[in-house]
A.B. asks: 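One structure is given below, represented as structure tokens, and several questions about it will come after.
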Amino acid sequence: MTAVLFVHGTGVRAEGFDATLAVMSRSLLARRPDLTVEGCFWGEAYGSRLFAHGASVPVADASRDAGADGAADDVDLLVWERLQDDPLFELRLLATADGPPQEQGGGFHPGRLSQGRALEDRYRRFAASDPVAALFREAGLGAGFAPSCRTVAASQPFGELAAGGAALEAWPAVVRATVAEALRRAERTEGPGLRVVYDRGVREEFLRAVLAAGGEDYRGALGWAQQRLGTFFAGRATSYVSRRREAFTESASPVTGDILVYQRDGAAIRRFVGDHVGRLEPPVVVVAHSLGGIICADLFATAEPSDVRLVTVGTAAPLFWELDALWGLRAGAPLPAGFPPWVNVYDPRDFLAYTAAPLFGDRVRDVRVDNGQPFPRCHGAYWWNSQCWDAVLSACP
């Protein structure tokens, strides 16, 4: 009878391990009732933990976070956090909002451009402005200025704003979108514009200069557009730093901590996994996820268990080999003769999963699957994908 042994990855603790093992048992036994499914839970004894309960986490200044200046500052952080990922975020938000109350005397006036036409004309002049282009060049963003203007002008949110009745109110947001797009391009190329990307004071000074060089009056940071942003981020800006820092530490410390602990001294974890493998009646199929795949690659590169197959799922073990970061196998070295038959399951959307066959040839069989999820969810979605179980069963005698 074939035994399947599950070796979990980084950051997994009791509740998550039990849930995954239960899913694995149901999925495999429904297909092959003759299998036995066991778990190797190394995270309980050898996983990382915060021995001082997070005392190393800096404590935020509560008086600052509670004040109006702190809240406004945090809104700015939240806005730019979104803009760095999606330069059109603010335009998209304003395009879906109800416009501000119409001023007295509004409505149709013969010979006066509509706000939408006025916005389009203003942006054309902005994109063709030599003073504005010079500011972008001086900031190291010159190469991105023209393509950024084209991207914003051709975007759906810009068109929707131009079709609305509050187009000119959104002018500062249009400029910010252009700057954000240029910053995004600079970050990709690692050019001289990185100072504007990472130095907040320089970025704010640059933005003010660009707004001023664009000519014509605008309503500044306050008004309807800023109120819309404040409404969107209501309740999210309070204690931004302390909440984010605490949440990041709680969620990331087991994940990064396990990797660091294993890299510092993984011998005890390898012995633990090896003992579990040795206690099972062969043949044994080891299914190792994420860091578990790295642990098993190290283990089986130095130990030669009999009648064992290895299935890695969403693992960076091939990358670790390329980086010369594996404990049991140096970069450039082939798999040892006694290394078990290896099936490597990966989803291309999983940024923690790598292919092994290009490195080790026919000693490994890569199996590409589609978990139907973006990263990082796809990293944990293998267990609900029948393609993964097909790959596991293909290794089971």
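Note that this is a predicted model, so its numbers are computed, not measured. Below, each value reflects all heavy atoms present in this structure, side chains not excepted, and no hydrogens, waters or symmetry copies.
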A.B. asks: Ring pair (Phe, Tyr, Trp, His ring centres under 6.0 Å) for Trp171 and Phe126? Distances and angles first, verdict last.
C.D. replies: CA-CA 11 Å; Trp171 175 248; Phe126 176 87; 5.7 Å; yes
A.B. asks: For a quick check under 3.5 Å, do Thr302 and Arg270 share a side-chain donor-acceptor pair by atom type?
C.D. replies: no
A.B. asks: With Arg82 as the cation and Phe89 as the aromatic partner, state whether NZ or CZ is under 6.0 Å from the six-membered ring centre and within 45° of the axis.
C.D. replies: yes
A.B. asks: Between Asp347 and Cys378, is there a donor-acceptor pair closer than 3.5 Å when you use the side chain of the first and the backbone of the second?
C.D. replies: no
A.B. asks: Please assess Tyr46 against Tyr262 for the test ring pair (Phe, Tyr, Trp, His ring centres under 6.0 Å), listing each intermediate value before the final yes or no.
C.D. replies: CA-CA 9 Å; Tyr46 301 105; Tyr262 178 73; over 10 Å; no
A.B. asks: Determine the sole option in Trp383, Trp384, Trp389 for which the side-chain contact (heavy atoms from CB on, under 4.5 Å) test with Ser27 is passed.
C.D. replies: Trp389
A.B. asks: Would you check if there is a donor-acceptor pair between the side chains of Gln373 and Asn371 at a distance under 3.5 Å?
C.D. replies: no
A.B. asks: Judged by atom type as modelled, is there a donor-acceptor pair below 3.5 Å linking the side chain of Trp42 to the main-chain atoms of Gly9?
C.D. replies: no
A.B. asks: Taking atom CZ of Arg31 as the centre, report whether more than 12 heavy atoms of other residues, nucleotides or ligands fall under 6.0 Å from it.
C.D. replies: yes
A.B. asks: Strictly below 4.0 Å, N to O, side chains only: are Arg13 and Glu44 in salt-bridge contact?
C.D. replies: no
A.B. asks: Tell me if the CD atom of Gln263 is crowded by more than 12 foreign heavy atoms within 6.0 Å.
C.D. replies: yes
A.B. asks: What residues, two or more places apart in sequence or in another chain, satisfy ring pair (Phe, Tyr, Trp, His ring centres under 6.0 Å) together with Phe339?
C.D. replies: Trp342
A.B. asks: Verify, without hydrogens or angle tests, whether Asn385 (side chain) and Asp370 (backbone) share a donor-acceptor contact under 3.5 angstrom.
C.D. replies: yes
A.B. asks: Between Arg49 (side chain) and Gly47 (backbone), is there a donor-acceptor pair under 3.5 Å?
C.D. replies: yes
A.B. asks: Can you list the residues that meet the ring pair (Phe, Tyr, Trp, His ring centres under 6.0 Å) rule with Phe206, with sequence neighbours excluded?
C.D. replies: Phe136
A.B. asks: Strictly distance-based, threshold 3.5 Å: is any side-chain N or O of His276 a donor or acceptor partner for the main-chain N or O of Glu38?
C.D. replies: no
A.B. asks: Determine yes or no for a side-chain-to-main-chain donor-acceptor pair under 3.5 angstrom, with Asp298 supplying the side chain and Trp327 the backbone.
C.D. replies: yes
A.B. asks: Ring centroid separation for Phe17 and Phe6, is it under 6.0 angstrom?
C.D. replies: yes
A.B. asks: Could you go through the side chain to side chain contact (heavy atoms under 4.5 Å, CB included) check for Cys296 and Val273 one step at a time?
C.D. replies: CA-CA 8 Å; Cys296 290; Val273 175; 4.2 Å; yes
A.B. asks: Without swapping roles, check the side chain of Ser48 against the backbone of Val261 for a donor-acceptor pair under 3.5 Å.
C.D. replies: no
A.B. asks: I would like to know whether Asp350 and Tyr382 meet side chain to side chain donor-acceptor pair (under 3.5 Å); could you show each step before the answer?
C.D. replies: CA-CA 10 Å; Asp350 180 3; Tyr382 293 95; 2.8 Å; yes
A.B. asks: Does Ser148 reach the main-chain N or O of Ala182 with its side chain, forming a donor-acceptor pair under 3.5 Å?
C.D. replies: yes
A.B. asks: Tell me, with the steps shown, if Tyr123 and Val175 meet side chain to side chain contact (heavy atoms under 4.5 Å, CB included).
C.D. replies: CA-CA 9 Å; Tyr123 197 57; Val175 174; 6.0 Å; no
A.B. asks: I'd like to know if Arg309 and Asp307 make a salt bridge, using a cut-off of under 4.0 Å between side-chain N and carboxylate O.
C.D. replies: yes
A.B. asks: Sub-3.5 Å donor-acceptor pair from the side chain of Thr315 to the main-chain atoms of Ala317, do we have one?
C.D. replies: yes
A.B. asks: Salt bridge check: are Arg184 and Glu187 linked by an N-O gap of less than 4.0 Å?
C.D. replies: no
A.B. asks: Is there a salt bridge (charged side-chain N to carboxylate O under 4.0 Å, His left out) between Asp324 and Arg330? Walk through the geometry before answering.
C.D. replies: CA-CA 5 Å; Asp324 202 15; Arg330 299 302 302 267; 2.5 Å; yes
A.B. asks: Can a donor-acceptor pair be found between the side chains of Thr20 and His8 at a distance below 3.5 Å?
C.D. replies: no
